[in-house]
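Only a predicted model underlies this, so the values are computations on that prediction, with no experimental measurement involved. In listed order, ligands and their atoms are each counted from 1.
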Amino acid sequence: MMRTVFSPDHSLHDPQVEMADGKLVPAVEIPRRAQMVLEAVREAKFGDIIAPDGLDLGCIEQVHSPDYVQFLESFWQRWLEAGRDADVTDTFPFIWPAQGGPSGLRKIRTRHLDGLMGYYSFDAGTPMGPGTWAAASASASVAQTAARMVAGGERQAFALCRPPGHHAMPDAYGGYCFLNNAAIAAQTLRNGGAQKVAVLDVDYHHGNGTQAIFYDRDDVFFVSLHADPMDEYPYFLGHGDETGAGAGQGFNLNLPLPPGTRWEDYAQALASALARIEAFGADALVISLGLDIYERDPISQFKLTHDDFTGLGAMLGAANLPTVVVFEGGYAVDALAVNAVNTLTGFLDNR
Ligand code: OKP
Ligand code: ZN
């Protein structure tokens, strides 16, 4: 049995276009993604589908800076107050305090909204619109509710989050992500009594935000399998030599894999990731479940088949830990149903 937490408010974040390959293209991180997965888990009858409880802002501010959360919450109001087009569906930052150095740009919270958008973002690929905060905060509350269920004794729960979260930094949005749902789930488990939590990220893209949030902590072990950032987004984090800092030294593990990776090689890397999590002695597990490792994903280059997702779920289930599964990426929209159901079926069959 696995209950699913879901909020219809995800659809309030409804981007039309995104910046990719140097131009505006149709957005891929769209409401229909979550609707497809919702229908699939309903038909599969894994367990009840429930609404999230209210947002625990205190927990969110344990992984994000309060001023960043305040920026997200107030963004659309500020947009309107700045006299900008109220009918626009998608807004984009275009200047960043990114190139530092002795006489370089300074990281300053400006009065002007363009400066703030650059201050609180790290890419131009993440449209923000009028309903983004409502959807992102609902997504975070979905993760919190699922984690509370597991902290309270349920063996597993599925947080059907949208928008995704694993790229969201302590104080910056990017990669279609605003609040880091997986990090929020991990923090909720910690607050609920788990001493050691592992976050295993199997999304095609490196979970740079989750890594950054926990990089100097030894109570949350971040482990990620992903496309080598020498070749793939998010490029500037996710390399194999990033192992943690300070107290967190040794509590970050990146396993970059080449584009084109098939299940056979993927499963081998996953086995070593799971062995490291077992050695860590986790009390609970958060899985960042990106279904964009599918062979026909439109923006990704791994080669997992429908059947391989059953094997993925089986290996994750066999870890035999209290587990919060958090939905992340996956853009082959019509294949999300079968890939989600196969993963969760494989998982539940191996508990
Ligand atoms: C979010 B998640 C492709 C552009 C890619 C960013 C991808 C964000 C992925 N030409 N843009 O990890 O699935
Ligand atoms: Zn991804």
For this session: Determine, using ring centers only, whether Phe309 and Phe347 are less than 6.0 Å apart.
Result: no
Seminar exercise, completed: Restricting Asp203 to its N/O/S atoms, the closest one to the Zn ion (ligand 2) is OD1
Exercise. Salt-bridged, Glu295 to Arg262, with N to O below 4.0 Å?
Worked result: no
Exercise. Do Arg32 and Asp334 meet the salt-bridge criterion of a basic N to acidic O distance under 4.0 Å?
Worked result: yes
Exercise. For ligand 1, which atoms sit closer than 4.0 Å to a heavy atom of His167?
Worked result: 1 (C), 2 (B), 9 (C), 12 (O)
Exercise. Taking a hydrophobic cluster as the set of Ile, Leu, Val, Met, Phe, Trp and Tyr residues connected by side-chain heavy atoms closer than 4.5 Å, whether directly or through intermediates, do Leu200 and Val63 fall within one such cluster?
Worked result: no
For this session: Give the residue and atom name of whichever protein heavy atom lies nearest to atom 4 (C) of ligand 1, and the separation in Å to one decimal.
Result: Ala20 CB, 4.1 Å
Exercise. Is the ring centre of Phe302 less than 6.0 Å from the ring centre of Tyr204?
Worked result: yes
Exercise. Is the closest heavy atom of Tyr331 to ligand 1 under 4.0 Å?
Worked result: yes
Exercise. Taking the N/O/S atoms of Asp292 one by one, which is nearest to the Zn ion (ligand 2)?
Worked result: OD2
Exercise. Is there a donor in the side chain of Ser224 and an acceptor in the side chain of Asn254, or the other way round, less than 3.5 Å apart?
Worked result: no
Exercise. Is there an N/O/S atom in Glu328 that lies less than 2.8 Å from the Zn ion (ligand 2)?
Worked result: no
Exercise. Any N/O of His205 closer than 3.5 Å to an N/O of ligand 1?
Worked result: yes
For this session: In plain terms, say whether Arg42 and Asp48 are close enough for a salt bridge, that is, a side-chain N and a carboxylate O under 4.0 Å apart.
Result: no
Exercise. Hey, which atoms in ligand 1 end up nearer than 4.0 Å to a heavy atom of Asp292?
Worked result: 13 (O)
Problem set entry | His205 near the Zn ion (ligand 2) via N/O/S, less than 2.8 Å | yes
Problem set entry | Heavy-atom gap Gly125 to ligand 1 smaller than 4.0 Å | no
Problem set entry | Heteroatom proximity flag, His166 to ligand 1, N/O under 3.5 Å | yes
Exercise. Should Glu328 be listed as contacting ligand 1, given a heavy-atom distance under 4.0 Å as the test?
Worked result: no
Exercise. Quick one: which ligand 1 atoms are inside 4.0 Å of a heavy atom on Asp21?
Worked result: 10 (N)
Exercise. How about His167 and Tyr233: are their ring centroids closer than 6.0 Å?
Worked result: yes
Exercise. Is it true that the side chains of Gln249 and Asp216 contain a donor and an acceptor less than 3.5 Å apart?
Worked result: no
Exercise. Which protein non-hydrogen atom lies closest to atom 11 (N) of ligand 1, naming both residue and atom, and how far is it?
Worked result: Tyr176 OH, 3.7 Å
